Amino acid sequence: MAGRGPVCYALLCGQAALLLGNVLLLQGVSRSHQHNATESPASPGPELSSDTAPASDAASPLSYQGPYAPVVFCDHLPEEFIECDSPVDHNGNTSAREDLGHGCLKFGGQAYSDVSHTKVLCRALEGIECAGQRTFLRGNKPCIKYTGHYFITTLLYSFFLGCFGVDRFCLGHTGTAVGKLLTLGGLGIWWFVDLILLITGGLMPSDGSNWCTIY
């Protein structure tokens, strides 16, 4: 029993020395990390010249790399990725239509064969990556416009108030509307004729627009 005392004391001292050494080692490692972290921002890196600096993606046009590549031509983008302008109205000016290369000489038409078609100017939406020109001509758009004229409403006006020319006033035919008002619908004859013209498509808005569709 007397010999175990010095041995236990020596073991305890050895463990204490080992623990102290581990603590000093950990403190030294943490200080070296802090020193490196404070010195690294202060050392400036090599500056990139204008020749070696990479060009931005927005300024460099993308190239088409084949039908299996992820990038397609801008004029091949689906409708949801582009925005298009309305057809250009040339008001019957054939020379302007030939110079521009697209646009409508007239608007409106009841049957498909009566409606003119033209290309319109479209552009790819911001953030959409595509190859080629981002502004292009697209499609075969019909020369149709809507200005808030409804067939059912106009027909009711013509039936109940046609003798006062209300239907023609609403459609923009002001001159004939005044004559219809002064003659009280042509003593009923003009009122009846306009009803037939409305039903058969002979009386349309004066601006060439089509009837708005009611869903």
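This is a predicted model, so every value here is computed, not measured.
A 6.0 Å sphere centred on CG of Leu187 holds no more than 12 heavy atoms belonging to other residues, nucleotides or ligands. Atom CD1 of Ile196 sits in a crowded spot, with more than 12 heavy atoms from other residues, nucleotides or ligands closer than 6.0 Å. Enclosure of atom CZ in Phe136 by more than 12 non-hydrogen atoms of other residues, nucleotides or ligands within 6.0 angstrom is indicated. Counting heavy-atom neighbours within 6.0 Å of Glu126 CD, excluding the residue itself, gives a total of 12 or less. Atom CZ of Phe169 has more than 12 heavy atoms from other residues, nucleotides or ligands within 6.0 Å. In the displayed structure, Lys119 atom NZ is contacted under 6.0 Å by at most 12 heavy atoms of other residues, nucleotides or ligands.
A donor-acceptor pair under 3.5 Å is absent between the side-chain atoms of Asp89 and the main chain of Gly103, judged by distance alone. Judged purely by atom type and a 3.5 angstrom limit, Arg134 uses its side chain to pair as donor or acceptor with the backbone of Ile128. His173 contributes a side-chain N or O that, together with a main-chain N or O of Met204, makes up a donor-acceptor pair within less than 3.5 Å. Thr118 places no side-chain N or O within donor-acceptor distance of the main-chain N or O of His102, the cut-off being under 3.5 Å. Although no hydrogens or angles enter the test, the distance criterion places no donor-acceptor pair under 3.5 Å between the side chain of Trp190 and the main chain of Cys163.
Residue pairs that meet the disulfide bond (SG atoms under 2.5 Å apart) test with at least one member in residues 76-111, sequence neighbours left out, are Cys84-Cys122, Cys104-Cys143.
Between Phe159 and Trp191, the ring planes are tilted. Angles from 30° to 60° get that label. Taking the six-membered ring where the residue is Trp, His117 and Tyr112 present tilted rings, their angle falling between 30° and 60°.
For the atom pair OG1 (Thr213) and OH (Tyr150), the distance works out to 9.0 Å, reported to the nearest 0.5 Å. The structure places CZ of Phe107 at 9.5 Å from OG of Ser116, a figure rounded to the nearest 0.5 Å. Of the inter-residue distances, the one linking Thr135 atom OG1 with Asp75 atom CG reads 11.5 Å to the nearest 0.5 angstrom. Rounding to the nearest 0.5 Å gives a distance of 4.0 Å between CZ of Arg168 and OG1 of Thr176. For the atom pair CD1 of Ile144 and OG of Ser86, the computed distance is 12.5 Å after rounding to the nearest 0.5 Å.
For the pair Asp194/Leu203, a side-chain contact is recorded, criterion being any heavy-atom separation below 4.5 Å from C-beta on. Within the 4.5 Å cutoff, the side chain of Thr154 has heavy atoms near those of the Leu198 side chain.
In terms of heavy atoms, Pro142 sits closest to Val115 at CB-CG1, 3.8 Å.
Remark: Asp167 engages Lys180 in a salt bridge, criterion side-chain N to carboxylate O under 4.0 Å.
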